[in-house]
Visitor: 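Below you will find the structure I want to go over with you.
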Amino acid sequence: MKPKGHPEKLPSAPLQEVVFELTWSLETDSNGNPSDHDYEYALGVFRGKVKEEFPHDVRLLPELPSEINIQVFSLPRHQFWTAPKTWPVVQLGPGILVLNDVEKNYTWQAFRSKVLMVKDALERAYEKPLTYTALRLKYIDAFETGGIAVFDFMNANF
C-alpha cells in the first residue's frame, strides 16, 4: 500500500541497483556443518513457480563429481532472469534468496510485488517453515566524481 505523498522513485537519485536478500537457518550435519538436504528438490519446485516471470535460468557453480563433497552455503547457486542478462534477476542458494533490479526498471511497488512473489515461491518450494535469520534491502548508488580523487569527493559531498 502506497502512503499519500510517498514517491515511487526519488527524482534524480543516483541509484544503480536495488537488492533484496533473505537468509534462513540451515540444519547441521553430524560434523556440525550447515546442511540443506531439501535444496535440490526445492530448487526444482522454485524454478516451476517463477518460470513464467523468470524463464531463463543459469547455474552459477559447476557440477562437481560426487566424490568431491564441497558444500557452499549462503551463496547463490542459481539465477533466474527475465531473459539472458535482462534485469531483474532472482538468485537462489542453500540458505539464501536474492532479488536484484536496476534503476531503469525500479519503482517501489513493482519491486515489492516481485519480492513477495519470490518469497512466496520459496516458502512453497520448501514445504516446511523456514526460520529467517536476516533480511536486507540495499540500495547501491553511484556518483560521477568528475575526475576528483575519491576521498576528496567524499570529503566535499558527505
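Please read these numbers as outputs of a predicted model, since none were measured by experiment. In this chain, residues are counted from 1 in sequence order.
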Visitor: Please verify the inter-ring angle class for Trp108 with Phe111; under 30° counts as parallel, over 60° as perpendicular, anything in between as tilted.
Guide: tilted
Visitor: Do you know which two heavy atoms are closest between Leu26 and Pro34, and how far apart they sit?
Guide: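 The pair with the smallest heavy-atom distance is CD1-CB, 4.1 Å.
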Visitor: As an exercise, state the distance from OG1 of Thr23 to CD of Glu21, rounded to the nearest 0.5 Å.
Guide: 6.5 Å
Visitor: Checking side-chain polar atoms at under 3.5 Å, does Thr133 have a donor or acceptor matched by the opposite partner on Ser25?
Guide: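 Side chains of Thr133 and Ser25: no pair found under 3.5 Å.
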Visitor: Are side-chain heavy atoms of Leu99 and Gln91 found at a separation under 4.5 Å?
Guide: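 No, too far: nothing below the 4.5 Å cut-off.
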Visitor: So, do Glu40 and Leu43 sit near enough that their side-chain heavy atoms are less than 4.5 Å apart?
Guide: yes
Visitor: Give the minimum heavy-atom separation between Pro76 and Val98, together with the two atoms involved.
Guide: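 The answer is CG-CG2, 4.3 Å.
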Visitor: Apply salt bridge (charged side-chain N to carboxylate O under 4.0 Å, His left out) to Lys49 and list each qualifying residue two or more places apart in sequence or on a separate chain.
Guide: none
Visitor: Counting distance only, does the side-chain N/O of Asp152 pair as donor-acceptor with the main-chain N or O of Ile148 below 3.5 Å?
Guide: no
Visitor: Angle class for the Trp24/Tyr126 ring planes (parallel below 30°, perpendicular above 60°, tilted otherwise)?
Guide: perpendicular
Visitor: State, to 0.1 Å, how close Asp57 and Arg47 come at their nearest heavy-atom pair, and which atoms those are.
Guide: OD2-NE, 3.0 Å
Visitor: Test the Arg112-Phe20 pair against the cation-pi criterion, namely NZ or CZ under 6.0 angstrom from the six-membered ring centroid and within 45° of the ring axis.
Guide: no
Visitor: Work out which heavy atom in Val19 is nearest to a heavy atom in Ile140; give both atom names and the distance.
Guide: CG2-CD1, 4.0 Å
Visitor: To the nearest 0.5 Å, tell me how far Gln79 CD sits from Leu92 CG.
Guide: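 Taking CD in Gln79 and CG in Leu92, the distance rounds to 11.0 Å.
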Visitor: Could you report the tightest heavy-atom contact between Phe46 and Val90, atom names first, then the distance?
Guide: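 Heavy atoms of Phe46 and Val90 come nearest at CZ-CG1, 3.7 Å.
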Visitor: Begin from the C-alpha positions of Glu53 and Phe80 and carry the test side chain to side chain contact (heavy atoms under 4.5 Å, CB included) through to its verdict.
Guide: CA-CA 9 Å; Glu53 193 159 348; Phe80 302 88; over 6 Å; no
Visitor: Minimum heavy-atom separation for Val45 and Ala125, please, with both atom names.
Guide: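 Between these two residues, the closest heavy atoms are CG1-CA, 3.5 Å.
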Visitor: Can you tell me how far apart NZ (Lys119) and CG (Leu22) are? Round to the nearest 0.5 Å.
Guide: 7.5 Å
Visitor: Is the shortest side-chain N to carboxylate O distance from Asp38 to Lys128 below 4.0 Å?
Guide: yes
Visitor: Are side-chain N/O atoms of Glu17 and Asn100 paired as donor and acceptor at under 3.5 Å?
Guide: yes
